[in-house]
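For clarity, every value in this text was computed on a predicted model and none was experimentally measured. Per chain, numbering begins at 1; letters A, B, ... match sequence-line order.
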Amino acid sequence: MKQYYDFKNIEPKWQQAWEDSHLFSTTETDEKEKFYLLEMFPYPSGKLHMGHVRNYSIGDVIARFLKMQGYNVLHPMGWDSFGLPAENAAIKHGAHPAEWTKQNISEMRTQLKQLGFSYDWNREVATYSEDYYKWMQWIFIQFFKKGLAYKKENPVNWCPSCQTVLANEQVVEGRCERCSAEVTKKNLSQWYLKITDYADRLLKDLDKLDGWPEKVRLMQRNWIGKSEGAELDFDIKGKTEKLRVFTTRVDTLFGVTYMVLAPEHPYVKTLAKGTPQEGQVLAYIEKCAKMSDIQRTSTTNEKTGEFLGCYAINPINGKEVPIYISDYVLMDYGTGAVMGVPAHDERDFEFATKFGLDIIPVVDPRDPAIDVNDLKAAFVAQGEMINSGKYDGMDNVSGIAAITKDLADQGLGEKMVNFRLRDWLISRQRYWGTPIPMIFCESCGWVPEKEENLPVKLPVDVKFTGKGESPLATSAVFSKVDCPVCGKPAKRELDTMDTFLDSSWYYLRYCDAGNDQEAFSKEKADYWMAVDQYIGGVEHAILHLLYSRFFTKVFYDLGLCSVDEPFTNLLTQGMVLKDGSKMSKSLGNVVSPEEIIEKYGADTARLFILFASPPEKELEWSDAGVEGSYRFINRVYRLVEEMAEITKEIPLSYKAEGKEDLSLSFVMNNTVKRVTSDIRERFNFNTAISAIMELVNEMYRYKELDDINLGLLADATDRLVRMLSPFIPHVTEEMWAALGHKESVYLATWPSFDPAALIRDTVEIVVQVNGKVREHVTVASGLDRDAFTQTVLEDQRVATLLQNKQVVKIIAVPDKLLNAVVKG
RNA sequence: GCGGUAGUGGCGGAAUCGGCAGACGCGCACGGUUGAGGGCCGUGUGGGUAACACCGUGGAGGUUCAAGUCCUCUCUACCGCACCA
């Protein structure tokens with residue numbers, strides 16, 4: 001392919017010029033409206049992939065566009081640079097994780113600069129640097145002081161391959177989110193953040209986030225999983241303990257025919273003690289303990305369980321029901337105990353059928369097709385209450401309120417809300433993360449390191465074995481410390497933090513990146529926050545986006561910032577595919593940004609990625625499509641070069657006259673209008689680009705005419721270059737300079753359009769007969785309905801079309817269409 | 001199982017409020033320019049027909065003067081959640 005414009009020279013030249021003039025650095029000012037545009041920062045894994053290029057190209061177009069529209073734009077970049085791959089590389093190659101990470105950052109930073117993104121590199125942040133993790137530790141201590149960080153021993157998710165614990169959110173279908181190894185359970189003492197304290201606010205405030213995709217809000221809603229119900233106490237026959245259960249269906253209380261506890265429930269061993277069933281019960285508990293989450297939570301499993309040998313007493317009617325244990329009851333949700341209502345719960349129905357327990361219907365479907373006394377499956381929909389004493393005849397929804405109130409009045413139960421969301425387990429038994437700044441003292445318990453001693457630095461004398469305990473334990477010096485409270489010898493926490501903590505506040509650090517006195521100043525955070533537009537992959541819909549919302553709310557409560565939601569608008573970009581599937585090394589379908597930049601230049605890569613698909617959709621990579629984008633840039637380049645030559649001395653003031661002038665003027669103004677709204681309101685860069693292509697086609701056509709208006713053509717060229725500059729910044733700088741400008745096109749204003757030029761005297765409209773297009777006629781524009789109808793009907797061809805036909809009805813849409821409904 | 005999103009030419013996609021389906025690009029075909037090739041410029045390109053007619057937005061119904069767009073049912077693909085009481 002012939003190279004017309006010399007991108008290999010042009011691109012580095014302008015990148016250097018931008019850097020030398022600090023073009024993209026931003027400061028706070030009241031003179032302009034601020035706009036905080038943020039793309040999710042990358043993990044420095046080695047080199048950029050196409051997903052990065054797509055993410056950052058989208059962001060860069062918006063940033064440059066808004067800058068030209070007069071906003072004070074904050075557009076920063078940094079590195080999510082703690083994490084396991086660095087440590088694994090260290091184990092494999094013997095180098096320190098910092099070396100590996102530093103090397104990758106340097107390489108990826110170079111690539112980002114090669115792509116011409118308008119980042120304010122003065123604000124660059126790397127989470128592995130001491131001046132970042134110092135403040136991470138400070139933040140952790142504030143959480144601790146507020147009672148939002150605690151340590152407890154619990155069965156936790158353990159990834160045997162990564163050799164560390166995982167948060168609930170990092171377990172996907174029972175497997176490690178990172179490496180897909182099957183997750184097992186381990187009883188360990190670990191640090192947690194109390195995100196559950198914020199469950200209600202995290203849920204409620206989703207309603208405020210109308211700039212987020214509904215899909216993401218829904219995923220978060222489901223993840224938080226609020227359910228409203230009641231807790232009630234069942235007495236146990238012959239014992240003093242009471243069994244507390246949580247249910248959303250108190251209306252089915254008369255239908256309880258058994259009770260079932262989680263195998264881990266604290267009462268189980270005592271209740272079974274001395275019963276004939278004790279042996280089987282203990283064996284069952286043993287069996288469950290050995291199962292992985294995948295086995296245990298599989299819905300295809302047949303129900304299993306054991307009778308405990310004792311009975312519970314239903315508080316509403318005094319009825320005795322047998323108590324079982326079964327692994328379908330989870331200890332960490334609700335109370336770990338469930339009342340069994342086989343008639344109205346699918347799982348209970350299955351369990352009761354298996355164990356031959358009674359099935360008592362208490363809600364009547366009022367459907368002749370269903371025989372309540374011979375249910376083939378649980379009936380879970382709404383209906384009328386039966387077999388429920390004084391509540392009979394009530395609809396079951398009212399029944400919930402009525403029974404809850406009656407039980408509460410008698411002190412037997414209370415309204416209760418439960419969440420699916422669990423507290424966030426943040427300890428990791430790994431080296432390459434922020435050390436948890438906590439110290440254990442025999443006399444004082446867990447106390448935080450003194451703030452003036454931060455950061456607690458990662459020790460360098462450690463061994464990376466990838467096995468067993470935390471690598472920090474292998475340091476000879478790290479753990480030994482004096483208690484900050486009483487001064488006695490004490491020990492440091494040896495685990496590091498989940499790296500998702502680091503990425504939960506980086507957007508605040510960008511506001512005040514160099515600050516060595518605070519994590520960020522409130523003043524600067526208040527100026528920039530919230531992030532006006534956030535852009536990234538949908539894979540972060542739960543983890544990162546939920547944690548960041550949690551952090552922001554805590555900061556808000558601590559008075560550190562004035563917003564309680566971090567991201568006002570969210571754009572989730574689709575994946576980059578090749579041959580129908582995600583680019584991956586194992587499939588061998590990876591196209592590297594490097595080779596595309598080498599062959600076509602950064603501008604072509606950016607243009608193709610934005611043109612091929614709207615940002616939320618998946619993007620199918622096409623080498624031929626890249627060629628097309630390259631061809632288009634060449635076409636524009638030739639046009640602008642020619643225009644620069646011809647129009648050098650032409651002033652921009654001109655008068656558009658005649659059909660062809662008005663036509664080009666219309667297309668030019670309309671293109672500005674379309675492109676502006678496509679970028680600003682819809683983020684549909686693909687249609688913005690195609691509109692610009694249409695303008696270019698029109699300009700090519702126009703310039704070959706006999707009598708052309710050079711002023712008009714110069715104006716079109718000027719607007720064309722401005723409009724293209726956010727997409728293809730390097731080559732448009734070159735064009736802009738060729739057109740005689742001394743300043744960067746980045747500092748130019750975004751073109752406006754003249755609404756008067758969009759009004760045309762005549763308009764081509766469609767004439768339909770019975771809804772089918774039959775004629776196109778040209779009429780004066782702006783007529784009212786009657787005048788429009790009359791004018792169209794007077795048209796000779798329309799009259800011919802309708803002669804000998806009986807017109808029943810005329811539908812007229814002025815300036816658009818006329819539809820004649822005819823008979824015969 | 002529950003929830004969500006999407007299905008439009010050979011391909012990526014467009015149609016923003018119910019009003020000309022297929023913009024723009026790729027590919028393909030033909031013509032021009034050229035010593036040739038490449039490149040560039042131009043024309044054509046949903047199916048169908050000699051030309052009309054007619055058919056056409058996953059499928060089947062429906063509402064409407066008018067449906068890719070709204071409603072009902074249904075198929076397929078992808079995504080999320082999944083024994084949460």
Mind checking if [X] touches a base, just sugar-phosphate, or nothing, with heavy atoms under 4.0 Å?
| X | result |
| --- | --- |
| A/Thr248 | sugar-phosphate |
| A/Val329 | base |
| A/Glu618 | sugar-phosphate |
| A/Gly628 | sugar-phosphate |
| A/Val821 | sugar-phosphate |

Can you check nucleotides 46-48 of chain B for protein contacts, nitrogen or oxygen pairs under 3.5 Å, and list what you find?
none

Is a donor on one side and an acceptor on the other found under 3.5 Å between the side chain of [X] and the backbone of [Y]?
| X | Y | value |
| --- | --- | --- |
| A/Thr335 | A/Arg244 | yes |
| A/Thr257 | A/Asp358 | yes |
| A/Asp348 | A/Pro342 | no |
| A/Asn684 | A/Pro614 | no |
| A/Asp423 | A/Thr196 | yes |
| A/Asn314 | A/Leu253 | yes |

Please give the distance between the [atom1] atoms of [N] and [M] as a whole number of Å.
| N | M | atom1 | value |
| --- | --- | --- | --- |
| B/rA85 | B/rC73 | P | 27 Å |
| B/rA67 | B/rG56 | C1' | 14 Å |
| B/rG80 | B/rG25 | P | 36 Å |
| B/rC17 | B/rA66 | C1' | 15 Å |
| B/rA6 | B/rG12 | C1' | 16 Å |
| B/rC26 | B/rG13 | C1' | 10 Å |
| B/rC11 | B/rU63 | P | 33 Å |
| B/rU8 | B/rC78 | P | 15 Å |

Measure the distance from [atom1] on [X] to [atom2] on [N] and round it to the nearest whole Å.
| X | N | atom1 | atom2 | value |
| --- | --- | --- | --- | --- |
| A/Trp621 | B/rG13 | CH2 | C1' | 16 Å |
| A/Phe419 | B/rA85 | CZ | P | 12 Å |
| A/Glu169 | B/rA82 | CD | P | 10 Å |
| A/Glu177 | B/rC81 | CD | P | 10 Å |
| A/Asn634 | B/rG25 | CG | C1' | 15 Å |
| A/Leu817 | B/rC65 | CG | P | 14 Å |
| A/Arg54 | B/rG12 | CZ | C1' | 12 Å |
| A/Asn697 | B/rG44 | CG | P | 13 Å |

| task | Take A/Arg249 and A/Asp251 through the salt bridge (charged side-chain N to carboxylate O under 4.0 Å, His left out) test and state the conclusion after the steps. | result | CA-CA 5 Å; A/Arg249 292 295 303 275; A/Asp251 56 315; 3.0 Å; yes
Would you call the rings of [X] and [Y] parallel, tilted or perpendicular, where under 30° means parallel and over 60° means perpendicular?
| X | Y | result |
| --- | --- | --- |
| A/Tyr637 | A/Tyr5 | tilted |
| A/His544 | A/His540 | perpendicular |
| A/Phe351 | A/Tyr324 | perpendicular |

| message | Just confirming the chi classification of B/rC41, syn or anti, using 90° around 0 as the syn window. | response |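 Base orientation: anti.
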| message | By the rule that syn is within 90° of 0, classify the base conformation of B/rG9 as syn or anti. | response |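 Here B/rG9 takes the syn form, which means its glycosidic angle is within 90° of 0.
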Over-ring placement of [X] relative to [Y], 6.0 Å and 45° cut-offs:
| X | Y | value |
| --- | --- | --- |
| A/Lys242 | A/Phe234 | no |
| A/Arg680 | A/Phe65 | no |
| A/Arg606 | A/Phe727 | no |

| message | In this structure, which stretches of RNA chain B are paired as stems of three or more consecutive Watson-Crick or G-U pairs, both distances less than 3.5 Å? | response |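 Ordered by first number, the stems with RNA chain B (at least 3 consecutive pairs each) read B:1-7 with B:75-81, B:10-12 with B:24-26, B:27-33 with B:39-45, B:58-62 with B:70-74.
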OP1 or OP2 of [N] less than 4.0 angstrom from a side-chain nitrogen or oxygen of [X], does that happen here?
| X | N | result |
| --- | --- | --- |
| A/Tyr333 | B/rA85 | yes |
| A/Arg420 | B/rA82 | yes |
| A/Arg638 | B/rC41 | yes |
| A/Arg635 | B/rC41 | yes |
| A/Lys215 | B/rC78 | no |

| field | Heavy atoms of other groups near A/Lys185 NZ, more than 12 under 6.0 Å | value |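 Check passes, neighbour count above 12.
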Side-chain donor-acceptor distances from residues 769-777 of chain A under 3.5 Å, at least two apart:
from     : atom 1 : to       : atom 2 : distance (Å)
A/Asn770 : OD1    : A/Val822 : N      : 3.0

| A/Trp424 and A/Tyr192: aromatic ring centres closer than 6.0 Å? |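 No: the rings miss the under 6.0 Å criterion.
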| request: Mind listing the residues from residues 217-227 of chain A sitting with a heavy atom below 4.0 Å of RNA chain B? Number order is fine. | output: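 Of all residues in residues 217-227 of chain A, the ones placing a heavy atom under 4.0 Å from RNA chain B are A/Leu218, A/Met219, A/Ser227.
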| field | Nucleic acid contacts of residues 680-687 of chain A, taken as heavy-atom distances under 4.0 Å to RNA chain B | value |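 Only A/Arg682, A/Asn686, A/Thr687 qualify.
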| said: Does A/Lys816 contact B/rC20 through a side-chain donor or acceptor facing the base, at a distance under 3.5 Å? | reply: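 Per atom types, no contact qualifies.
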| Test item: A/Ile285 and A/Cys288 side chains (from C-beta on) under 4.5 Å apart, heavy atoms |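 Side chain of A/Ile285 against side chain of A/Cys288, heavy atoms only: no contact under 4.5 Å found.
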| Taking for each residue the nucleotide of RNA chain B with the nearest heavy atom, is it A/Ile811 or A/Ala691 whose nucleotide lies nearer the 5' end? |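 Result: A/Ala691.
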| request: Would you kindly compare A/Tyr700 and A/Ala337 by the position of their nearest RNA chain B nucleotide and give the one closer to the 5′ end? | output: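 Result of the comparison: A/Tyr700.
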| field | Residue that, paired with A/Phe632, satisfies side-chain contact (heavy atoms from CB on, under 4.5 Å) out of A/Ile728, A/Thr604, A/Leu724 | value |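 Single side-chain contact (heavy atoms from CB on, under 4.5 Å) partner of A/Phe632 among A/Ile728, A/Thr604, A/Leu724: A/Leu724.
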Can you name the atoms? Protein N/O to nucleotides 27-33 of chain B N/O, anything below 3.5 Å, with the distance.
from   : atom 1 : to       : atom 2 : distance (Å)
B/rG27 : OP2    : A/Arg631 : NH2    : 3.0

| Side-chain donor-acceptor pair present, A/Thr304, A/Tyr284, cut-off under 3.5 Å |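 There is such a pair (donor and acceptor under 3.5 Å, judged by atom type) between the side chains of A/Thr304 and A/Tyr284.
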